[in-house]
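Okay, structure first, notes after.
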Amino acid sequence: MSSICVYCSSSNAIADTYPPVAEALGKEMARRGHELIYGGGAVGLMGVLAEAAHEAGGTVTGVIPSKLQDREGIAYDADELIVTDTMRERKRIMYQNADAFAVLPGGYGTLEEFMEVLTLKQLGYHDRPIAILNVDGFYDTLLSFFEELRDGRFARAAISDLVEIVPSAEAALDRIERVSASDGQIA
C-alpha cells in the first residue's frame, strides 16, 4: 500500500461538479489499497474524499492544525487524526508521509500546498509523482501560466515534466501507480 497525500478544497460552497470527483478518488484509492493522507477536515472536498475512502474500507490519516478544528470540523472517521500546532507542521507531516501527491480543485491553501511540493520536485528534493486532476478545465489558466513561466525562462522544466495532468480519479491513480512503479518506489 502506498500513501497518497491529496490537497483539495475545504469549502462547501463550491460547484456541484467537484464533489463527485473527490468521492470517486476516495473510493478508488481504497479499492486499490492506497492510504489517504489529507488535511483532516470534514468540509468541502476534504470531507467528501475522506468519507468516501473510509466508507470503501480505506485507511485515512487526517492532519489538521488545532486552530482549524472548529473551522473545518474534524473527520472523526479517520483511522488516525494528527493535530498540529501550526500549518507548517501540518504540511511537513503530510509531505513526509506521502509516497505521491494528488491535487483536486481548491483555493489558496490547495495552491500553496501544491506549489510547495512542485517546487521541491523541481529542485530535486523529491521525485514522487504529482497528479493534478484538471476537472472540467479547473486548472487550465494555471497550467497556461506555468507555460508562460517556461517560455519566459523563469522555469527550467515544463509543467508536464513535473506533474501528471489528468481528467479523472482513475487516470490520476493509473498515472501515479505507473510513475511509482517505474521509479521502484511503490508498486
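Just so it is clear, the structure is predicted and the values come from calculations on it, not from any experiment. For this chain, numbers begin at 1 and follow the sequence in order.
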Check whether any side-chain heavy atom of [X] lies under 4.5 Å from a side-chain heavy atom of [Y], and answer yes or no.
X      : Y      : answer
His54  : Glu51  : no
Val135 : Tyr18  : yes
Tyr7   : Glu116 : no
Val103 : Tyr139 : yes
Ile130 : Leu162 : no
Thr61  : Ile82  : yes
Leu45  : Pro19  : yes
Leu118 : Gln122 : no

Applying salt bridge (charged side-chain N to carboxylate O under 4.0 Å, His left out), name anything that partners [X], two or more places apart in sequence or on another chain.
X      : result
Asp174 : Arg32
Arg92  : none
Glu23  : Lys27
Glu112 : Lys91

Run Leu173 and Leu25 through side-chain contact (heavy atoms from CB on, under 4.5 Å) and show every step you take. CA-CA 8 Å; Leu173 294 175; Leu25 182 60; 4.0 Å; yes
When rounded to the nearest 0.5 Å, the distance separating CE of Met46 from SG of Cys8 is 6.5 Å
Write down the atom of [X], the atom of [Y], and the distance for their closest heavy-atom approach.
X      : Y      : value
Thr17  : Asp136 : CG2-OD2, 2.6 Å
Val83  : Pro65  : CG1-C, 4.4 Å
Ser11  : Ile14  : O-CG1, 3.6 Å
Val6   : Met94  : O-CE, 4.4 Å
Pro129 : Ile176 : CG-O, 3.9 Å
Ser10  : Val43  : O-CG2, 3.0 Å

Quick check against the 3.5 Å criterion: does [X] have a side-chain atom that pairs as donor or acceptor with the backbone of [Y]?
X      : Y      : value
Thr119 : Met115 : yes
Asp99  : Ile4   : no
His126 : Val117 : yes

With [X] via side-chain contact (heavy atoms from CB on, under 4.5 Å) - residues at least two apart:
X      : result
Asn97  : Ile37, Ile93
Ala30  : Ala56
Ala172 : Ala131, Leu133, Val166
Ser168 : Glu170, Ala171

Could you pull out every donor-acceptor pair under 3.5 Å between side chains of residues 147-154 and any protein atom, sequence neighbours left out?
{"residue": "Arg150", "atom": "NH1", "partner": "Arg156", "partner atom": "O", "Å": "2.5"}

Tell me, with the steps shown, if Met87 and Lys67 meet side-chain contact (heavy atoms from CB on, under 4.5 Å). CA-CA 9 Å; Met87 287 292 287; Lys67 186 173 183 173; over 6 Å; no
If you measure only the distance, is there a donor-acceptor pair under 3.5 Å linking the side chains of Ser3 and Glu35?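 Yes, side-chain donor-acceptor contact under 3.5 Å.
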Linking I/L/V/M/F/W/Y whenever any side-chain heavy atoms sit under 4.5 Å apart, do Tyr108 and Leu142 land together? no
The criterion is side-chain hydrogen bond (donor to acceptor under 3.5 Å, both in side chains); which residues satisfy it with Tyr95, sequence neighbours excluded?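 With neighbours one apart ignored, the set is Arg128.
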Test side-chain contact (heavy atoms from CB on, under 4.5 Å) on Ile132 and Leu143; report intermediate values, then the result. CA-CA 10 Å; Ile132 297 176; Leu143 295 170; 4.2 Å; yes
Please enumerate all residues that pass ring-ring contact (aromatic ring centres under 6.0 Å, His included) together with Phe146, with sequence neighbours excluded.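 Counting only residues at least two positions away or on another chain, Phe146 forms no ring-ring contact (aromatic ring centres under 6.0 Å, His included).
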By ring-ring contact (aromatic ring centres under 6.0 Å, His included), Phe114 pairs with (sequence neighbours left out) none
